[in-house]
Amino acid sequence: MALEHALLVSLSERSGTGYQLTRRFDRSIGHWWRASHQQIYKTLARMTTSGLVTYVEQAQDGKPDKKVYSITDTGRKTLSEWIRTPGKDSTDQRELAVKIRGAAPSDLPDLMAEVRRVRDRHAERAELFRTLEGRDYPTPSTLTGTDLQQYLVLRGGVLSEQGTVDWLDEVLAALPSPSIASAE
């Protein structure tokens, strides 16, 4: 996931200055993915040059003018294309979370297909880890040393994968089905 996509999601929700975007990013998307203030400002400059965002300068008393950024139609189209494109890494929850947050109703059919694909991949991995757990560690209460440590790491994998499956099941249940979304 590129920082551009995360900023486009934020700007699709509300225009803002670089400072405001940095603060919003830190309070939301930044919980999953970190970007410095400098990275955000450099990316906004690049996005302005490429026509994804625009800005209006607002005068300030005794301070340099501030730039209030907004997403352009080109930026909205780019964001929609990214949301509709399956991710390269079906185990990366961060990218999918940003796509879910930024999806417009017209993006939902493709997004829901992606959510199902990623959910199924995590379900397969959870089942594989459970199979390994049952085969390799049938009596975990007796484990010690390296065996216990390996088992605990495997349990982390089971719980992580199952947690993602549970979250994506919740997403699938909560968002409108593609037939409803496309009728809007």
Side-chain angles (χ1 to χ4, degrees), residues 1-13 18-44 46-47 78-103 107-178:
M1 171 178 63
L3 178 55
E4 286 88 352
H5 298 120
L7 290 171
L8 287 172
V9 168
S10 186
L11 286 169
S12 73
E13 294 170 351
Y19 176 77
Q20 290 168 333
L21 288 166
T22 300
R23 296 281 313 225
R24 267 191 262 161
F25 196 89
D26 288 344
R27 289 190 314 254
S28 62
I29 294 168
H31 293 293
W32 302 300
W33 190 48
R34 286 278 179 231
S36 70
H37 299 290
Q38 294 85 359
Q39 287 174 305
I40 290 174
Y41 281 101
K42 283 181 182 180
T43 303
L44 285 169
R46 208 170 40 249
M47 292 169 69
T78 298
L79 178 60
S80 181
E81 288 170 0
W82 174 71
I83 289 170
R84 292 169 179 246
T85 302
K88 293 177 182 146
D89 181 0
S90 64
T91 62
D92 186 355
Q93 298 173 38
R94 298 171 303 167
E95 179 177 337
L96 190 58
V98 174
K99 286 182 174 188
I100 291 167
R101 181 166 177 158
D107 299 325
L108 288 178
D110 292 318
L111 178 64
M112 297 302 277
E114 175 71 352
V115 168
R116 281 191 219 43
R117 182 182 77 85
V118 171
R119 183 239 178 256
D120 291 347
R121 176 71 177 120
H122 284 278
E124 290 168 7
R125 288 171 51 99
E127 187 56 36
L128 170 65
F129 293 164
R130 282 190 197 95
T131 299
L132 295 172
E133 179 182 20
R135 183 192 75 196
D136 298 341
Y137 307 101
T139 54
S141 62
T142 65
L143 297 174
T144 61
T146 302
D147 289 338
L148 176 60
Q149 291 163 256
Q150 291 171 350
Y151 168 76
L152 292 172
V153 170
L154 183 58
R155 282 298 298 154
V158 170
L159 295 172
S160 176
E161 294 299 329
Q162 188 58 52
T164 300
V165 169
D166 294 345
W167 168 57
L168 294 176
D169 283 344
E170 189 174 324
V171 169
L172 290 167
L175 291 178
S177 70

For Tyr137, check ring-ring contact (aromatic ring centres under 6.0 Å, His included) against everything at least two apart and list the hits. Tyr151

Output the distance between atom CD (Gln20) and atom OG (Ser10), rounded to the nearest 0.5 Å. 10.0 Å

Check against side-chain contact (heavy atoms from CB on, under 4.5 Å), Thr43 and Arg46: CA-CA 5 Å; Thr43 303; Arg46 208 170 40 249; 3.4 Å; yes

Atom pair CZ (Arg119) and CD (Glu124), whose distance is rounded to the nearest 0.5 Å: 10.0 Å

Between Leu79 and Gly102 the two heavy atoms that sit nearest each other are CD2-O, 4.3 Å

Enumerate the residue pairs fulfilling salt bridge (charged side-chain N to carboxylate O under 4.0 Å, His left out) with a member in residues 145-157, sequence neighbours excluded, ordered by first and then second residue. Glu133-Arg155

Nearest-0.5 Å distance that lies between atom OG1 in Thr85 and atom CG in Leu111: 11.5 Å

Applying side chain to side chain donor-acceptor pair (under 3.5 Å), can you list everything that pairs with Arg117, at least two apart in sequence or on another chain? Glu114

Look at the side chain of Arg101 and the backbone N and O of Val9, then say whether any donor-acceptor pair between them is shorter than 3.5 Å. no

Is a donor on one side and an acceptor on the other found under 3.5 Å between the side chain of Tyr19 and the backbone of His37? no

Looking only at heavy atoms, which two atoms of Leu44 and Gly18 are closest? And how far apart? CD1-CA, 3.9 Å

Could you tell me the separation between the NZ atom of Lys42 and the CD1 atom of Ile40, rounded to the nearest 0.5 Å? 12.5 Å

Closest approach of Arg116 to Leu172 (non-hydrogen atoms, all atoms of both residues): CG-CD2, 3.8 Å

Are side-chain heavy atoms of Glu95 and Lys88 found at a separation under 4.5 Å? no

For the CD atom of Glu4 and the CG atom of Leu8, what is their distance to the nearest 0.5 Å? 7.5 Å

With sequence neighbours left out, what residues match Asp166 under salt bridge (charged side-chain N to carboxylate O under 4.0 Å, His left out)? none

Run the side-chain contact (heavy atoms from CB on, under 4.5 Å) check on Leu96 and Leu168 step by step: do they pass? CA-CA 10 Å; Leu96 190 58; Leu168 294 176; 3.7 Å; yes

Partner set under side chain to side chain donor-acceptor pair (under 3.5 Å) for Asp110, not counting sequence neighbours: Arg84

Return the minimal non-hydrogen interatomic distance between Leu7 and Met47, and the atom names on each side. CD1-SD, 4.0 Å

Begin from the C-alpha positions of Lys99 and Asp107 and carry the test side-chain contact (heavy atoms from CB on, under 4.5 Å) through to its verdict. CA-CA 9 Å; Lys99 286 182 174 188; Asp107 299 325; over 6 Å; no

Okay, side chain of Thr164, backbone of Ser160: is any donor-acceptor separation there less than 3.5 Å? yes

Output all residues satisfying side chain to side chain donor-acceptor pair (under 3.5 Å) with Arg121, sequence neighbours left out; order by chain, then residue number. none

